[in-house]
J.: 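What follows is a structure written as structure tokens; I'll ask about it next.
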Amino acid sequence: MAEPARPGGAPDGDDPVLTHAMMIAALNQILGECGYDPVPDEEPPATGDNAADRLIEDARQRADGIVAAALETALRYTDAALDQAARTVQSARRTLAGAPPAPAPVELAPMPAATDLGRTVGETWLAAATAAGVYLPVAGPVAAQTLGVYAACLHDAAHATPADVDAAYRIGLEVVALGIGRPEALPATMAVVLDHLADGDELRPPARQVAGAFAAGFAAALQARTLAQQESLHRATQRAAREFQLALHDSEARYRRLAFYDPVTGLASKSRLVQRLQQAGHGGHPGRHVGVCLIDLGGHAAVCEQFGADGGDHVLAEVARRLQVLARHPDYLLARHGGQTFAVLVQDSGGIAHLAELAERITAALREPASLPGTGLTADLDAHVGVVDVPTEGLDAGRVLVDAEIAVRQARAGSSGWALYDPQPADPVRGGGATAVAGLVTGPPTYQPIVKLSSGRIAGLHTRMAWRHPHLGTLDLGRIGQLTGDRETTMRLAGSLVDQACRQAMQWDGGKKGPFVGLDLPVHQIGYPDAVELVREALAGSGLPPKRLHLHLSGIDAVPAGAHSHTVLAALAALGVRIVLDDFGTGPSSLAYLRDLPVHGLRTPASLLHDNPASAEADRDLVAGMARMAHALGLTLTVHGVDDELRAATLVGTGCDGAQGLRYGAPTTPHQVPALLRRTGKLVPVPGRVAS
């Protein structure tokens with residue numbers, strides 16, 4: 001028989017080691033039923049000679065005494081309750097033939113038959129347990145024999161001197177462990193035990209103690225089993241809850257995937273595209289822009305007609321793979337907009353030039369035919385891209401997509417394969433100017449440092465943007481205006497250039513003392529008041545401090561003389577921007593006229609200087625004279641095109657304010673500028689670079 005423990009030591013408190021072992025055994029049984037590992041059954045440490053060991057041993061003895069006293073008190077209360085229960089049972093038996101008893105609060109099991117009808121105590125006990133609904137996992141004869149042994153042990157414990165309550169407590173545990181664990185079986189079990197322990201109708205005190213200890217063990221085991229079942233149910237509930245949460249998460253993920261992603265291409269769906277556009281319109285920075293490239297795939301319908309839906313799906317998947325190669329940046333969202341249309345959302349657009357470069361790469365990537373598996377054939381792809389660039393403030397997702405569809409129709413009418421949305425497209429019957437700019441491709445902007453010669457550090461950056469024409473080659477903004485004479489086109493391109501430069505400068509440094517950005521602007525071609533208005537809108541939209549925007553105008557000879565030129569320059573200066581006359585000294589000019597203009601600086605090309613070291617001294621005197629003249633008029637002087645060390649050395653000591661050229665840094669992309677600005681030392685020559 002196992003050695004379960006009772007909650008406490010022997011009543012007389014003479015065996016503290018036995019009490020410790022009993023407590024460990026009871027704890028291990030509870031831990032085992034709850035699914036936990038048992039604690040090691042170690043013997044208490046031997047009492048030593050030192051003071052610490054004596055204190056520990058004294059505390060252990062006091063604790064054992066307290067436990068023994070508590071058990072004795074519990075047994076007394078149990079004895080009284082059992083005595084009252086015995087008297088009630090005996091009284092009820094004497095009056096069985098009388099009036100029917102009052103209805104019990106619970107339905108009790110039938111009383112067992114008397115033991116003098118040829119049945120043993122074990123068989124009577126088994127019959128009572130079976131009548132209470134108990135099912136034992138062993139054969140009937142074995143169970144009856146085991147219960148008979150338990151009854152004999154209880155009888156021996158009651159007749160021992162003193163009564164062996166420990167054995168009775170352990171038998172109560174063993175009975176529950178055997179399988180008699182239903183609360184309904186307790187009345188019948190106690191009736192059998194009381195009948196077996198009673199001396200006729202009298203229940204002696206030792207028998208009451210034994211019966212009480214047996215009941216205590218039965219109740220403790222039943223409570224432990226109930227707690228274990230509750231713990232098991234709790235764990236099962238938690239496990240089911242976790243599994244339900246995982247299943248719910250997986251289900252939500254599948255539904256979200258179906259709702260926001262296209263099953264054919266794996267790209268985002270139109271719903272996802274609209275959602276991201278709406279999110280960009282809420283809480284966005286006032287100067288932030290988003291761009292959309294809408295791609296219409298021509299020839300897809302013909303593939304579906306000839307090769308079925310599977311062939312069409314293969315072409316769509318191939319297009320999606322090519323677009324994923326082009327748009328790997330996290331700011332890009334690829335989506336399938338419709339049956340044969342795709343969309344690329346640029347969440348932080350770098351401006352029209354950025355989107356134009358992306359549209360150019362898209363058309364080039366989709367120009368190659370797509371193979372059709374299993375046929376050995378290829379399908380020609382004819383893609384047209386519509387480009388839209390809008391600020392996030394006040395963004396209307398539906399309006400943006402409609403504008404993109406309009407731009408796609410405009411792209412179909414052109415020859416470049418893509419088109420920027422124009423709310424007022426050029427009239428086809430309009431002459432020369434409209435046709436001259438058809439097919440323009442915007443190149444990426446470049447930024448070249450302008451160095452302050454007194455410190456060798458970067459004071460600003462000069463931005464340039466070029467447009468590629470299929471027949472005329474690379475054109476700048478001034479050349480486009482000269483060739484086309486189309487003021488509206490020139491103004492639109494100039495507006496995009498100024499807006500992008502201002503927003504880019506704010507990304508580098510939003511403070512008032514950040515590096516300025518200088519750009520070439522053909523004000524005389526745009527005219528007044530449009531030139532002033534586009535500069536005002538760019539400053540307001542980006543938040544750039546006006547003093548950080550330098551407008552490089554063509555030389556004095558290119559600025560119309562008279563009241564009109566004063567009006568244009570005065571209006572620009574009133575905005576707070578700095579006006580710098582470019583290429584000063586290369587054409588006819590009037591110093592008196594220069595004195596009256598509202599300008600802030602001059603730029604002169606390094607081509608005025610010679611390549612011969614022998615002329616370095618004369619060149620130095622020339623630059624020094626120009627610097628003194630500029631300073632006398634309250635202007636600054638910057639020399640651009642300084643590409644070699646000879647010209648850089650010529651500028652030393654001349655009083656020139658700034659310099660620009662390959663000697664101080666090559667034109668770079670917007671993403672490389674922050675690293676350039678973080679340099680703490682002076683800019684050094686670029687090895688191997690010469691003037692282009």
Side-chain angles (χ1 to χ4, degrees), residues 350-351 353-354 356-358 360-361 441-468 473-479 497-498 500-509 514-521 548-552 580 582-583 586 601 603-611 619 623 636-652 654 656-692:
H354 177 202
E357 191 268 339
L358 177 61
E360 183 73 13
R361 289 193 292 126
V441 177
T442 306
T446 60
Y447 294 85
Q448 189 173 28
I450 300 175
V451 178
K452 188 176 182 180
L453 290 178
S454 60
S455 63
R457 302 184 184 277
I458 296 177
L461 296 132
H462 180 221
T463 179
R464 295 184 63 88
M465 183 178 292
W467 287 262
R468 296 190 299 273
T474 302
L475 306 174
D476 60 10
L477 196 57
R479 183 61 174 164
L497 172 62
V498 177
Q500 178 180 353
C502 292
R503 288 192 288 115
Q504 192 67 65
M506 283 295 292
Q507 293 180 7
W508 295 327
D509 190 339
F516 67 84
V517 57
L519 53 90
D520 304 330
L521 191 69
R548 289 183 55 192
L549 178 61
H550 291 198
L551 299 180
H552 299 169
V580 181
D582 207 352
D583 295 335
T586 58
R603 284 170 54 88
T604 187
S607 58
L608 294 177
L609 308 179
H610 298 85
D611 296 332
D619 292 338
V623 176
T636 61
L637 178 65
T638 300
V639 179
H640 62 88
V642 183
D643 297 331
D644 52 39
E645 189 63 29
L646 175 61
R647 289 186 172 88
T650 303
L651 299 181
V652 176
T654 60
C656 182
D657 300 283
Q660 172 190 347
L662 295 178
R663 163 60 177 78
Y664 306 100
T668 185
T669 63
H671 301 291
Q672 296 171 330
V673 172
L676 190 64
L677 296 177
R678 286 194 296 268
R679 294 183 182 179
T680 56
K682 296 183 179 181
L683 293 185
V684 297
V686 180
R689 301 304 295 264
V690 295
S692 58

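Throughout, numbering of the chain's residues begins at 1 and tracks the sequence.
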J.: Check whether any side-chain heavy atom of L662 sits under 4.5 Å from a side-chain heavy atom of Q448, and report yes or no.
T.: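 They are in side-chain contact.
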J.: Roughly how far apart are T463 OG1 and H550 NE2, rounded to 0.5 Å?
T.: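 The OG1 atom of T463 sits 14.0 Å away from the NE2 atom of H550.
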J.: Quick one: are P444 and T669 in side-chain contact, heavy atoms under 4.5 Å?
T.: no
J.: In Å, rounded to the nearest 0.5 Å, how long is the span from CH2 of W508 to CZ of R678?
T.: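 Separation between the atoms: 13.0 Å.
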J.: Return the minimal non-hydrogen interatomic distance between G460 and P515, and the atom names on each side.
T.: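 Minimum heavy-atom contact is CA-CB, 4.1 Å.
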J.: Is R603 close to H462 at the side-chain level, that is, under 4.5 Å between some pair of heavy atoms?
T.: yes
J.: Which atom names give the shortest non-hydrogen contact between A648 and Y664, and what distance separates them?
T.: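 Closest approach of A648 to Y664: CB-OH, 3.6 Å.
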J.: Got L519 and L551 here, is their nearest side-chain heavy-atom distance under 4.5 Å?
T.: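 With C-beta onward as the side chain, the pair touches.
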J.: CG of L461 to CG of L677: how many Å apart, nearest 0.5 Å?
T.: 6.0 Å
J.: Using 0.5 Å steps for rounding, measure from the OG1 atom of T668 to the OH atom of Y447.
T.: 11.0 Å
J.: Could you pull out the closest heavy-atom pair between P445 and Q500, with the gap in Å?
T.: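 Heavy atoms of P445 and Q500 come nearest at CG-NE2, 3.1 Å.
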J.: Within this structure, what is the CG-CG distance for the pair D520 and L497, rounded to the nearest 0.5 Å?
T.: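 Rounded to the nearest 0.5 Å, the CG-CG separation comes to 8.5 Å.
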J.: Could you tell me whether the side chain of R503 reaches within less than 4.5 Å of the side chain of M506, counting heavy atoms only?
T.: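 No, every pair of side-chain atoms sits at 4.5 Å or beyond.
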J.: Can you tell me how far CG of L646 sits from CG of D619, rounded to the nearest 0.5 angstrom?
T.: 8.0 Å
J.: Do R663 and V451 have side chains that get closer than 4.5 Å, going by heavy atoms?
T.: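 SC-SC contact between R663 and V451 ruled out.
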J.: Take atom CZ in R464; do more than 12 heavy atoms of anything else shown fall under 6.0 Å from it?
T.: no
J.: Considering all heavy atoms of both residues, which atom of G514 and which atom of D509 are nearest to each other, and what is their separation?
T.: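 Heavy atoms only, the tightest pair is CA-OD2, 3.5 Å.
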J.: Side chains of H552 and T638, heavy atoms from C-beta outward: is any pair under 4.5 Å?
T.: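 Answer no - side chains too far apart.
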J.: Looking at side-chain heavy atoms only, is the closest gap between I458 and L676 below 4.5 Å?
T.: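 Yes, their side chains come closer than 4.5 Å.
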J.: Could you pull out the closest heavy-atom pair between D657 and L637, with the gap in Å?
T.: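 Closest approach of D657 to L637: OD2-N, 2.8 Å.
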J.: So which atom in A505 and which in R548 form the shortest heavy-atom distance, rounded to 0.1 Å?
T.: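 Taking A505 first and R548 second, the nearest heavy atoms are O-NH2, 3.3 Å.
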J.: Testing L453, T604, T650 one by one against V639 for a side-chain contact (heavy atoms from CB on, under 4.5 Å), which residue passes?
T.: T604
